[in-house]
Protein chains: 2
Amino acid sequence: MDEPSFMDMALAEARAAAARDEVPVGAVLVDPQGRVLARAGNRPLELADPTAHAEILAIREAAKGLGRPRLDGCALYVTLEPCPMCAQAIALAHLGRLVFAAYDPKGGGVEHGPRIFDQPTCHHRPEWVGGVRESAAATLLREFFQARRIDSAPPLG
Amino acid sequence: MDEPSFMDMALAEARAAAARDEVPVGAVLVDPQGRVLARAGNRPLELADPTAHAEILAIREAAKGLGRPRLDGCALYVTLEPCPMCAQAIALAHLGRLVFAAYDPKGGGVEHGPRIFDQPTCHHRPEWVGGVRESAAATLLREFFQARRIDSAPPLG
């Protein structure tokens, strides 16, 4: 599968999250051979867990499956720019590559805010690219918040 | 109990982590009435989970116990300055207060590195103080790394 296909899979997870009334963000974690190790959508409300962002759930599931806390060479596809928590988790997990869809100027931590991977104290940096399937992901988020009449969206991650 | 007593409890969790060969960091999460909701030590190796820092485990346990993802008014005592992942999790959980012991210039995210709570895009800031039981926590970390002859410590959080 190619990168847009993995992102389509992540978008399906985001839509499933919206159907659960969670902020529609989805993630897919892929090993160096292109095998899907984990896929997840946001579940902070369902799990009563403020850390249950799609990225964290995917990283935890993939690491548990491999039986080790590091995911060297793996890639994460996520429908929204990761927040600082998730960006640091990506660094701690030694992910090799991050691909995200929509940018998040209000809550993102990669190209916005603390720009986690640009910090001199960041000990591992994945290569990363944003904007893959950007409009599909952004539309999904916009429609979710519009339907709930939330004029000023909270941090999205 | 007073703040140094909660920190002593967190130090006990840190010592227990060291005994499991995990980086010795411990955390205690306390509700506004001073009741302990969760206590945890680092377990990334044991759980094969790069996010299993003491702070994350304590936040997840406390939120699950309360049945909601926000911990308004609660306080977290942790033996080391939180890393950026944990600092952002503290913000997402709406914790009211953070007390930490040792400072972490190499990997911390509160007074060092990205200074998560100082970012304009940080949507919730706890009050925080560092240096409570600092020397006890720092000694524990130093002895842990010295015993393993790790001259250049990795990020500690």
## Note on the structure
Given B:Ala63, B:Ala91, B:Gly109, B:Pro105, the one with more heavy-atom pairs under 4.5 angstrom with chain A than any other is B:Ala63
### Message
Working to the nearest 0.5 angstrom, can you tell me the gap between B:Arg70 CZ and A:Leu45 CG?
### Response
10.5 Å
### Task
Go through the steps for B:Asp49 and A:Ile56 under the test side chain to side chain contact (heavy atoms under 4.5 Å, CB included), then give the verdict.
CA-CA 10 Å; B:Asp49 177 356; A:Ile56 299 287; over 6 Å; no
### Verify same cluster id: A:Leu11, A:Val132 (apolar side-chain graph, 4.5 Å)
no
## Note on the structure
Residues B:Ala93 and A:Pro50: closest non-hydrogen pair is CB-CG, 3.8 Å
### Task
Using a 4.5 Å cut-off on heavy atoms from C-beta on, say whether the side chain of A:Thr121 contacts that of B:Pro114.
yes
### Query
How about A:Pro69 and B:Leu47: do any of their side-chain heavy atoms sit closer than 4.5 Å?
no
### Query
Side chains of B:Leu92 and A:Met85: does their closest heavy-atom pair fall under 4.5 Å?
yes
### Query
Is B:Leu57 linked to B:Tyr77 within one hydrophobic cluster, defined over Ile, Leu, Val, Met, Phe, Trp and Tyr using a side-chain heavy-atom separation of less than 4.5 Å?
no
### Message
Below 4.5 Å, heavy-atom pairs only: which of A:Leu71, A:Ile59, A:Thr51, A:Leu66 has the largest tally toward chain B?
### Response
A:Thr51
### Summary
Assert top hit (heavy-atom pairs under 4.5 Å, partner chain B, pool A:Lys64, A:Arg60, A:His94) equals A:Arg60
## Note on the structure
Closest heavy-atom pair, B:His123 versus A:Lys106, reported as atoms and distance to 0.1 Å, is NE2-O, 3.0 Å
### Query
Which atom names give the shortest non-hydrogen contact between A:Gly113 and B:Gln119, and what distance separates them?
C-OE1, 3.4 Å
### Task
Enumerate the residue pairs fulfilling side chain to side chain donor-acceptor pair (under 3.5 Å) with a member in residues 6-15 of chain B, sequence neighbours excluded, ordered by first and then second residue.
B:Asp8-B:Arg133, B:Glu13-B:Arg39
### Query
Between A:Pro120 and chain B, which part of the residue has a heavy atom less than 4.5 Å away: side chain, backbone, both or neither?
neither
